[in-house]
Amino acid sequence: MPWYLYLALKQLFPTGRKFPFFTAISVLGVALGVALLVISTSVMGGFGYEIRRMIVDTQGEVQVRGEGLIADAAGLQARLATVPGVVATTPFAEGVVGLQYEGKPAYPAMQGIDVNRVGQVVPLERFIRAGRLDDLDDDSIIISSKLALSLGARIGSRVEIYSPLLLEKLKNDEVLLPRELRVVGIFEVGHQQLDSSVVLVTLRSMQELYGLGAAIHGVNVKIAPKLDADVVATRINGALPPAAQARARSWMEANQDFLFILQLEKNMIFFLLTFIIIVSAFSVTSSLLISVVRKTREIGLLGALGARPVQVAACFCFQGLLIGAVGTLAGLGLGLGTLHFRNELVAGFTRLTASEEVLVRFYQFSQLPAHTAPGDVGLIVACSVVISTLAGLLPAWRAARLKPVEALRNE
Amino acid sequence: MNEAILTARGVRKTFMSGDRRLEVLAGVDLDVAAGESVSIRGESGSGKSTLLQLLAGLDAPDAGTLAWAGESDTGTARRGRFLGIVFQSFYLIPELNARENVLMARRILGPIDAAARKRADDLLAKVGLAERAKHLSSQLSGGERQRVAVARALMNSPRLILADEPTGNLDERTGDAVIELLLGLCAETQTALVLVTHNAAHAQKTHRQLVLRSGILVHG
Ligand SMILES: Nc1ncnc2c1ncn2[C@@H]1O[C@H](COP(=O)(O)OP(=O)(O)O)[C@@H](O)[C@H]1O
Ligand SMILES: [Mg+2]
């Protein structure tokens, strides 16, 4: 090992001293910055990841929607099936209905789904908490968990549905008879809004309730793994004749504004928290500068022993790098450890402040999501190590400029 | 014995303090032969340290020439091999123990091997600190620190040792012991020695006694 690296190590971790205080403080500063960056970008990434997953898991990766109603549902699906990259399709119709259970009203968004095909496109089955998706028929309904809770409805409960069509009938002085459906399932996606305001029925029920005949509103599409949703959406649009009056959009395009804000938020947090590392780098600089001043004579002696100024500079630069590397490592450990126990920590915190409700309502999630992207971690590590090494430059330059004669003139 | 290790001719050094010129060295001539020991005495402020720094090649003279074993340039790395320096204030590196301090002189010149480690241990034994090899300088007394510094100066088997008041920070008895050690080791290894000292008794023990007075070296 070159002497300047050896000496840098010794100055940070002196022989025989158990706890190098100077080093520990500097390392801690960098570690805290890195930990904060890792935690916040991971949690931000987790929100984004969860939201993306939820969008894809409920809408499919590509959605084809008509400008109005799509009359020829079978024809559209047959055409979609010929587009390369399309793996499966499932039709849907949707609309708001009035729902009543034991005198309690609600106005959920109703999705009519094709029970036989929906599973090929979105993993609905996975979100069913009680009952079974297979039990869904034209006389039954699956409702979301929060809605079930607020209505007090259970599996087997009978709910009444009022559709806008009934209002039309009312205007014509026809008898107003709500449709009665039996609850056969309760689902929970983990997203506050979906879980409190969505109900599922068969496509046929929906078509009847809204008087659509055989028409649908759109088709959800599953694409082959590893394919880009935007690419497939473009391909589909190329394959659809203008007469179809339908357009395919990837989930990314459909949620463009939202995803943009998500990314922007993440970038802002990254940018702001990087300043923590810069601030801790300043403390590394000042402690190394103090060390250069304290060691003026030793540095002079090294010169007298034959050390070259660049080597002296390298010694201090390397100390910055080492503090950065050790601090980054400790920060990664601290950050990833905190993320690992995040739910326990959040639970403890919310119990202390009795704020769990707020958390769920505000963030739409009952558990704190986290998704650590390797790219983010790489960027954090690189930033932190580079910044800490830069922090060593000024002290290094000061040390290299010291002339042995001047450094040694002490009397 | 007659090979010239160090030659100085007409060496001058002037400092400017404010607008006052201070001529510290006004034409110093000096010859040191291999294995020879020379003492330099002089009042405080007479320029002894300044001269020694020039002799070490750490600073350049305003006028005059210097030659080390016939060469006019020590070269930074060559200096570490050719010269050993002992200062009044020891200058041990506080983070290193005695053995590591001695080895540092070699480390700066390149990688160290088992032979270097053995030499460091032998030198520490010679200066009577075999038992203290693992001690930090803060755990050593002044005399012991200076003995470590002597061992460090000898580490690279230099041809010449320059010692600037090596006993200045030590009590009389400890100082005597260090001088005995320094002279003994230099004689044993045929290393030339220039010893700057205030102590007449110490000066008497060298082969030649010089005095720095009014910027020139005279026989004392
Ligand atoms: N860099 C410098 N600038 C100005 N004056 C100096 C400098 N170095 C030494 N001197 C002066 O030169 C004189 C000789 O100093 P020095 O060689 O340290 O004396 P000694 O070692 O004999 O006590 C002193 O008066 C000192 O103040
Ligand atoms: Mg002096």
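Letters A, B, ... are given to chains in the order of the sequence lines, protein chains preceding strands, and every chain is numbered from 1. This is a predicted model, so every value here is computed, not measured.
Heavy atoms of B/R152 lying under 4.5 Å from chain A belong exclusively to its side chain. Of the two parts of B/L92, only the backbone, made up of N, CA, C and O, holds a non-hydrogen atom closer than 4.5 Å to a non-hydrogen atom of chain A. For A/Q11, the parts sitting under 4.5 Å from any heavy atom of chain B are the backbone and the side chain alike. The part of A/L7 that comes within reach of chain B is its side chain, from C-beta onward, which places non-hydrogen atoms under 4.5 angstrom from that chain. Only the side chain of B/I85 comes within contact range of chain A, with heavy atoms under 4.5 Å apart. Proximity to chain B (any heavy atom under 4.5 Å) is restricted, for A/Y6, to the side chain, taken from C-beta onward.
Between B/T206 and B/S37, the side chains place no donor N or O within less than 3.5 Å of an acceptor N or O (distance only, hydrogens not considered). Between the side chains of B/S141 and B/E144, at least one donor-acceptor pair of N or O atoms lies under 3.5 Å. Inspection of the B/Q88 and B/N169 side chains reveals an N or O donor paired with an N or O acceptor under 3.5 Å. When only modelled atom types and interatomic distance are considered, B/T197 and B/S39 share no side-chain donor-acceptor pair under 3.5 Å. A donor-acceptor contact closer than 3.5 angstrom is absent between the side chains of A/D376 and A/T41.
Between B/I112 atom CD1 and A/W3 atom CH2 the span is 14.0 Å, to the nearest 0.5 Å.
B/K126 places no side-chain N or O within donor-acceptor distance of the main-chain N or O of B/L185, the cut-off being under 3.5 Å. A side-chain donor-acceptor contact under 3.5 Å links B/R145 to the backbone of B/L140.
The pair A/K295-B/E95 counts as a salt bridge, with a side-chain nitrogen and a carboxylate oxygen less than 4.0 angstrom apart.
Residues of residues 397-405 of chain A lying within less than 4.5 angstrom of chain B, judged on heavy atoms, are A/P404, A/V405 in numerical order.
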